[in-house]
Number of protein chains: 2
Amino acid sequence: MFQALADPTRRAILIRLCEGPASVSELARPFAMSLPGIVQHLQVLEGSGLVRTEKIGRVRSCSIVPATVRLAEGWLSARRTAAERRLDRLESFLDSDDPPTTTRSTS
Amino acid sequence: MFQALADPTRRAILIRLCEGPASVSELARPFAMSLPGIVQHLQVLEGSGLVRTEKIGRVRSCSIVPATVRLAEGWLSARRTAAERRLDRLESFLDSDDPPTTTRSTS
DNA sequence: GGAATACTTAAGCATGTGCTTAACAATTCA
DNA sequence: TGAATTGTTAAGCACATGCTTAAGTATTCC
């Protein structure tokens, strides 16, 4: 998932898909890149679950999957809040003289 | 930033750093990987701004930078809400007969 | 049917990434 | 001082990644 987000072209494709579904060649138009190149990026995006595609007739329609984006978001949020929570505890420990609830070093 | 998050070892390092700062060799301990390998991952993490390091004496102390994590989170959040907003408009359009506020196709 | 459209597949190539080992600092401490 | 600890640098290697071109395969439209 983060692997899929790591490439600027793929992020640009995601940004475009926020405005609505698009065909492969519509997605390719803004880029100075061959169609197969774009298709390969789409495969990575689809493999990560960030994008869903459906072929109707000869045109493949691509759309973003918000739930998967939210998943990545949730991962980051969990880490960040854990880190911040720790910093908050540290801060309040430094501010007051009250003994903290639990620590191992200060027996 | 997403590039830095794309590697599982680096994500594991981040998870560890949520619990507090750690030295390079402390970070390396859980992994079946040489020290230089870990150092290289730390360089990527520091380059992305996700981790801050400071060398005191002969030990380098590494800590997570929540603000940068929040930045990545914000990027994802912006995309997701844009995509969801569009889907909500679509849904309410399908549910009611009221004309939507703005669209280009239905002049 | 036959030409145009919209992709798809396959192959190949240059560069990037993740890792290793080996050798080299720099710091601490007996 | 000199040995142990902690990290750094450099080189090299295997494999992954991002791209290309060339040649297919469906679909649609005339």
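Each chain gets a letter, A, B and so on, in the order its sequence line appears, and its residues count up from 1. Heavy-atom basis, side chains included; hydrogens, waters and symmetry copies ignored.
- Listed by chain and number, the residues in a salt bridge (charged side-chain N to carboxylate O under 4.0 Å, His left out) with Arg80(B) are Glu73(A), Glu84(B) (sequence neighbours excluded).
- Formation of a donor-acceptor pair under 3.5 Å by the Arg79(A) side chain with backbone atoms of Leu17(B) is not found in this model.
- The shortest distance between side-chain heavy atoms of Pro21(B) and Arg86(A) falls below 4.5 Å.
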*Per-nucleotide protein contact string for nucleotides 14-24 of chain C, where B marks a base within reach and S marks sugar-phosphate only (heavy atoms under 4.0 Å, - for neither)*: ---SSBBBB--

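- Annotation: the span from Ile64(A) atom CD1 to Ile13(A) atom CD1 amounts to 11.0 Å, rounded to 0.5 Å.
- Taking the side chain as every heavy atom from C-beta outward, Ile15(A) and Trp75(B) approach each other to under 4.5 Å.
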Let me have the donor-acceptor pairs involving side chains of residues 47-56 of chain B, under 3.5 Å, with sequence neighbours excluded, atom names and distances please.
residue	atom	partner	partner atom	Å
Ser48(B)	OG	Leu45(B)	O	2.8
Ser48(B)	OG	Leu50(B)	N	3.3
Arg52(B)	NH2	Ser63(B)	OG	3.3
Thr53(B)	OG1	Glu46(B)	OE1	3.3
Thr53(B)	OG1	Glu46(B)	OE2	3.1
Thr53(B)	OG1	Arg60(B)	NH1	2.7

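- Here the side chains of Ser23(A) and Arg58(A) are not in contact, with every heavy-atom distance at 4.5 Å or above.
- Here Arg29(B) pairs with nothing under the salt bridge (charged side-chain N to carboxylate O under 4.0 Å, His left out) rule; sequence neighbours left out.
- At least one donor-acceptor pair under 3.5 Å links the side chain of Arg11(B) to the backbone N or O of Leu5(B).
- Between the CG atom of Leu45(A) and the P atom of dT17(D) there is a distance of 14 Å, rounded to whole Å.
- For the segment residues 12-28 of chain A, the set of residues with a heavy atom within less than 4.0 Å of an atom of DNA chain C comprises Ser23(A), Val24(A), Ser25(A), in numerical order.
- The closest side-chain heavy-atom distance from His41(A) to Thr9(A) is below 4.5 Å.
- Near DNA chain D, meaning a heavy atom under 4.0 Å away, the residues from residues 49-60 of chain B are Lys55(B), Arg58(B), Val59(B), Arg60(B).
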